[in-house]
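Down below is the structure, laid out as structure tokens.
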Amino acid sequence: MITNESRFPAGTFAPAPKRASPVRMLLAQGRVESLLFLRHGEQQLLNLFIPLVGLIALARFDLVPGDGDRSLAVTFPFIMAVASMSSGFTGQAISLAFDRRYGALKRTGASGVPAWTIVFGKVIAVLAVTVVQIVILGGTALLLGWSTSVAGALLGILTLLIGVAAFTALGLLMGGTLSSELVLALANLIWVVLTGIAAWAVFSPEVNADGALSIIPSVALAQGISNAFAGDLPWLQLGILLVWLAIAGFAANRWFSFTAGR
């Protein structure tokens, strides 16, 4: 019989393999997910190139009554909202659905990595892309003549991060529950619809005079960022985005599957 006394004492063998700490696992998973996300050509087209071209093009058109600075003050928040939808919702939904289809998530989970590490690793990847978007798109907007106060910039970044979290939760919900074929079709369609409605509400303010369209997350994010950059705390828009985050987060946690959808 093997007793506790006959076991090898700790430190007898070296190295002594063991499971990494939760922080190290999360950082490692986040690094891998970020590199995969940033190296993907299609993701860069959707997350950076299209918003950048859209920002430069829209800044040259007189879409908003008033001078060019006013037009850019409306255009830039709209472009940031579109970029956030691209990275947080469309990009994550499609990549997650195909990871499930090809068994990548199942194999990662079999390696001993907890499910929450995989999910939060993808969130870190979205945040990494968001930082790149802020630097590139924000720098371009400054070069084009856009300006804001320090308080406005901080409020805008806060609103943007909450919006990114809400759209990431929606992306995880879709990508973690539906089949890859369905996600590929729906994610792009929903992105186009949300972008179109946000553009309609932003560039034709009279259609949202009563605020009814603000319940749509893309509209709430675009208007929230615009109000924040102007120095106003967008209570209504932040509340709407937080509600979307709570609902999508609860649903994703409840029905998320690491295997391919049927």
Side-chain angles (χ1 to χ4, degrees), residues 37 42-55 57-58 63-64 74-97 122-123 126-127 129-130 133-134 137 156 159-178 180 182-229 234 236-252:
F37 208 35
E42 182 181 349
Q43 296 288 357
Q44 299 318 309
L45 177 67
L46 190 63
N47 299 325
L48 290 175
F49 183 74
I50 293 178
L52 180 60
V53 172
L55 174 62
L58 291 177
L63 299 177
V64 180
V74 175
T75 298
F76 178 52
F78 167 73
I79 290 297
M80 289 302 301
V82 172
S84 299
M85 286 191 294
S86 301
S87 59
F89 175 67
T90 311
Q92 281 302 307
I94 294 175
S95 64
L96 179 58
K122 292 185 176 296
V123 173
V126 175
L127 292 176
V129 174
T130 301
Q133 290 172 334
I134 291 174
L137 298 177
T159 306
L160 176 65
L161 292 178
I162 293 177
V164 168
F167 279 107
T168 301
L170 289 168
L172 292 174
L173 173 60
M174 175 175 284
T177 55
L178 303 178
S180 56
L182 189 57
V183 169
L184 185 61
L186 283 180
N188 288 301
L189 176 61
I190 292 174
W191 181 85
V192 171
V193 171
L194 290 178
T195 300
I197 295 176
W200 187 33
V202 167
F203 296 113
S204 300
E206 64 277 3
V207 304
N208 194 35
D210 58 355
L213 291 179
S214 295
I215 63 173
I216 300 174
S218 59
V219 177
L221 181 56
Q223 292 185 334
I225 296 175
S226 180
N227 293 340
F229 282 149
L236 175 62
Q237 289 80 12
L238 287 176
I240 292 172
L241 291 172
L242 287 172
V243 170
W244 277 103
L245 173 60
I247 294 174
F250 173 81

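When a residue number appears, it is its place in the shown sequence, counting from 1.
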Gap separating the CG atom of Leu178 from the CG atom of Leu173, nearest 0.5 angstrom:
7.5 Å
Minimum heavy-atom distance Ala201-Leu213, with the two atoms named:
CB-CD1, 4.1 Å
I need the minimum non-hydrogen distance between Phe76 and Leu137, along with the two atoms involved.
CE1-O, 3.6 Å
Is there a donor in the side chain of Thr159 and an acceptor in the side chain of Gln237, or the other way round, less than 3.5 Å apart?
no
Look at the side chain of Ser95 and the backbone N and O of Gln92, then say whether any donor-acceptor pair between them is shorter than 3.5 Å.
yes
Under the side chain to side chain contact (heavy atoms under 4.5 Å, CB included) rule, what do Val193 and Ile197 come out as? Steps first, then yes or no, please.
CA-CA 6 Å; Val193 171; Ile197 295 176; 3.8 Å; yes
Looking at Trp244 and Ile216, would you say the former's side chain and the latter's main chain have a donor-acceptor pair under 3.5 Å?
no
Measure the spacing between OG1 of Thr168 and CG of Leu245 and express it to the nearest 0.5 Å.
9.0 Å
For the pair Ser86 (side chain) and Val82 (backbone), establish whether a donor and an acceptor sit closer than 3.5 Å, ignoring hydrogens and angles.
yes
Once you round to the nearest 0.5 Å, how far does CG of Leu182 lie from CG of Leu184?
9.5 Å
Ala169 and Ala252: which non-hydrogen atoms are nearest, and at how many Å?
O-CB, 4.3 Å
So how far is it from Ile134 CD1 to Leu160 CG, rounded to the nearest 0.5 Å?
5.0 Å
Closest approach of Asn227 and Pro234, non-hydrogen atoms and distance?
CB-CB, 4.2 Å
Answer yes or no: is there a donor N or O on one side and an acceptor on the other, between the side chain of Gln133 and the main chain of Asn47, under 3.5 Å?
yes
What do the steps show when you test Val202 against Ser226 for side chain to side chain contact (heavy atoms under 4.5 Å, CB included), and what is the final call?
CA-CA 9 Å; Val202 167; Ser226 180; over 6 Å; no
Specify whether Phe203 and Phe78 have parallel, tilted or perpendicular ring planes, treating 30° as the upper limit for parallel and 60° as the lower limit for perpendicular.
perpendicular
Nearest-0.5 Å distance that lies between atom CD1 in Ile94 and atom OG1 in Thr90:
6.0 Å
Out of curiosity, Leu241 CG to Ile162 CD1, how far, rounded to the nearest 0.5 Å?
7.0 Å
